[in-house]
Amino acid sequence: MRLRGVGRRYGLRGPWVLRDVDLDLPRGALLRVEGANGSGKSTLLRLLAGIDTPTAGRITGRPRTAYVPERFPAALPFTAAGYLTHLGRVHGLGRAAAARGAEEWLERFGAGRHARTSLSELSKGTSQKVAVAQALLADPELLVLDEAWTGLDRDSRTLLDDAVTGRVAAGGTVVFVDHDPRRLAASLRGAADAVHRVAGGRLTTERAVDAAGASTGAGPGGPADAGSRGLAEADPRDPRVLAEFAGPRVLIEAQGPAGAPLPEGLPGAPALVPADSPVPPGTVRLTVVAAHSDALLRALLTARPAWHVHAVRPVDPPPASSAGSPSPTTESPPA
Amino acid sequence: MTALLRYQAALLWRSHRWLPPLMLYGILMVIGVQHGEPVLDSFGYAAGVLLPVAAWLVRVCVTNEPPAARDCAAAAAGPGRVHLAGILTALGASTALAATGTAVVAAIGDPRSADHQVPVDLWPATAAGLAAAVACALLGTAVGALCNRPVLRSTAWAVPSTGFAAILVLFAGGSPARAAVTGLVTGSRSGTVPFSPLPLAGALALTAAAVAGACALAGRRA
């Protein structure tokens, strides 16, 4: 999608909120928009989402678009699942696919038990999950997020981060505004990614992400980044791997349907590790940073066809940092 | 578009905001349409009272969604199409009222002229009554589209304007609504069923223009 000379003002003689915006939104790009309060960030996002029409200039090549507002106090006479099914169909899904997507996304956000709750009775955070779910439901080609993380709990913020990196990895475009300057910072490394700033009604490119950073792969603190770009074959005990993905890791043993490959775009950059004892056919062992383990488990359990998780346990610390005292390994019961 | 219409129709039905305009229509019909009255007079009255009701239904449908939810739908389908779906849902509801009202009048009215002397053919009379009612539903929809969001955004302007415009369209000379209603009332005096496609065609053209204008503004005036 391209913006050429785009401007927007409210009313016939109102001041220009935005002027002369030229912007390309390539496929597979993650774009961050920054700016002070009232600078026109939200106006830009509304233009990008197609909610508002530009007063001047042209927007061409609009893909299938979805938008998440900052607050979603939707006093609508629908249940959460009912609303999502309607919106899924507006996004172009068939009846069955929309209903299935609604249930799946609510489940993923841990709001499955609210599927039959009326939207007007939902808490602020759960309403926001519904707003995020309606946008992700139909795999949009352009996803516009206006502080969509506000009000979400920690797991849901991580899940949304993973969904964003997943959309970008799948060739979609994601534009976002967030007050947290570190939001998705680790993922803003692709060749097409950029940070733009709105000030004084103009849009400037604050930081075009350098292509070198992207070509060398994940940099420090890049689990979410690498997560979008596939699995890495790695030994979890290798100190270099641990240095790259800092923090305690969790080992997940999962079994897929016969012959099924691992689902693509798994969150948290799980590393595939060889089994140290015989395992049933179709079983894989993955390690992931503990912070991403919940999201990875959810992704496996909600994959189609579904995976069975046999074991989840913390990975032993590397020998270097735990001199001669191996910590006890705790097996958790099969999920 | 089908998905949007289904969404807007479900929204209207489940919000129960159709109840006040439906009650207005019901009360006006009970006051003005009585058993054994000349059928063409009653058709004219039933068509006339439908016009403000149709305008009110448009207001209900285009203000039914909270802004955040409207934005989500607009991003998915475009603001013009979302607005059009709301207006068409309202038009569907008022057309259903037109059909119901016409059926009730045909069932309880006296198929004779205003002085109860000349018999009137019931089927052609019912067709003329339905055409007049649909013309008024269309013009009421046009009034609703031009007197509400996104054209008039504040309630303080929108509600009085809708009322005044409905009265104006009903009584102003040259209005297709007035032509449709007077055609029936005049025909009732002589016991002849009026047949002129002009009011309905005029109403259709005016409404299409009004709705297209309102939908084109939908993304421009937030």
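Residue numbers start from 1 in every chain, and the chains themselves are labelled A, B, ... in the order their sequence lines are given, proteins ahead of strands.
Looking at every heavy atom in both residues, A:P77 comes nearest to B:L11 through CD-CD1, 3.5 Å. Contact record, B:C72 with A:F72: SG-CE1, 3.9 Å, taken as the closest heavy-atom pair. Of all the heavy atoms in A:L76 and B:N64, the pair that sits closest is CD2-O, 4.5 Å.
Chain A forms the most heavy-atom pairs under 4.5 Å with one residue out of B:A77, B:A73, B:A10, B:G78, and that residue is B:A10. The most heavy-atom pairs under 4.5 Å with chain A, out of B:P79, B:A3, B:A75, B:A76, come from B:A75. By number of non-hydrogen pairs under 4.5 angstrom with chain A, the leading residue of B:L4, B:D71, B:T2, B:V82 is B:D71.
Among residues 164-182 of chain B, no residue has any heavy atom closer than 4.5 Å to a heavy atom of chain A.
The stretch residues 27-37 of chain A participates, sequence neighbours left out, in these side-chain hydrogen bond (donor to acceptor under 3.5 Å, both in side chains) pairs: A:R32-A:E34, A:E34-A:R197. Pairs of residues two or more places apart, or lying in two chains, that qualify as side-chain hydrogen bond (donor to acceptor under 3.5 Å, both in side chains) and include a residue from residues 77-98 of chain A are A:H91-A:Q134.
Taking CZ of B:R221 as the reference point, atom CG of A:D52 lies at 12.5 Å (rounded to 0.5 Å).
Within a 6.0 Å sphere centred on CE of B:M1, other residues, nucleotides and ligands contribute more than 12 heavy atoms.
Partners of A:R4 by side-chain hydrogen bond (donor to acceptor under 3.5 Å, both in side chains), not counting sequence neighbours, listed by chain and number: A:D24.
Considering only heavy atoms from C-beta on, B:P66 stays 4.5 Å or farther from A:P73 through its side chain.
For A:R62, no part lies near chain B; criterion is any non-hydrogen pair under 4.5 Å.
Remark: the backbone N or O of B:R220 is paired with a side-chain donor or acceptor of A:R8 at under 3.5 angstrom.
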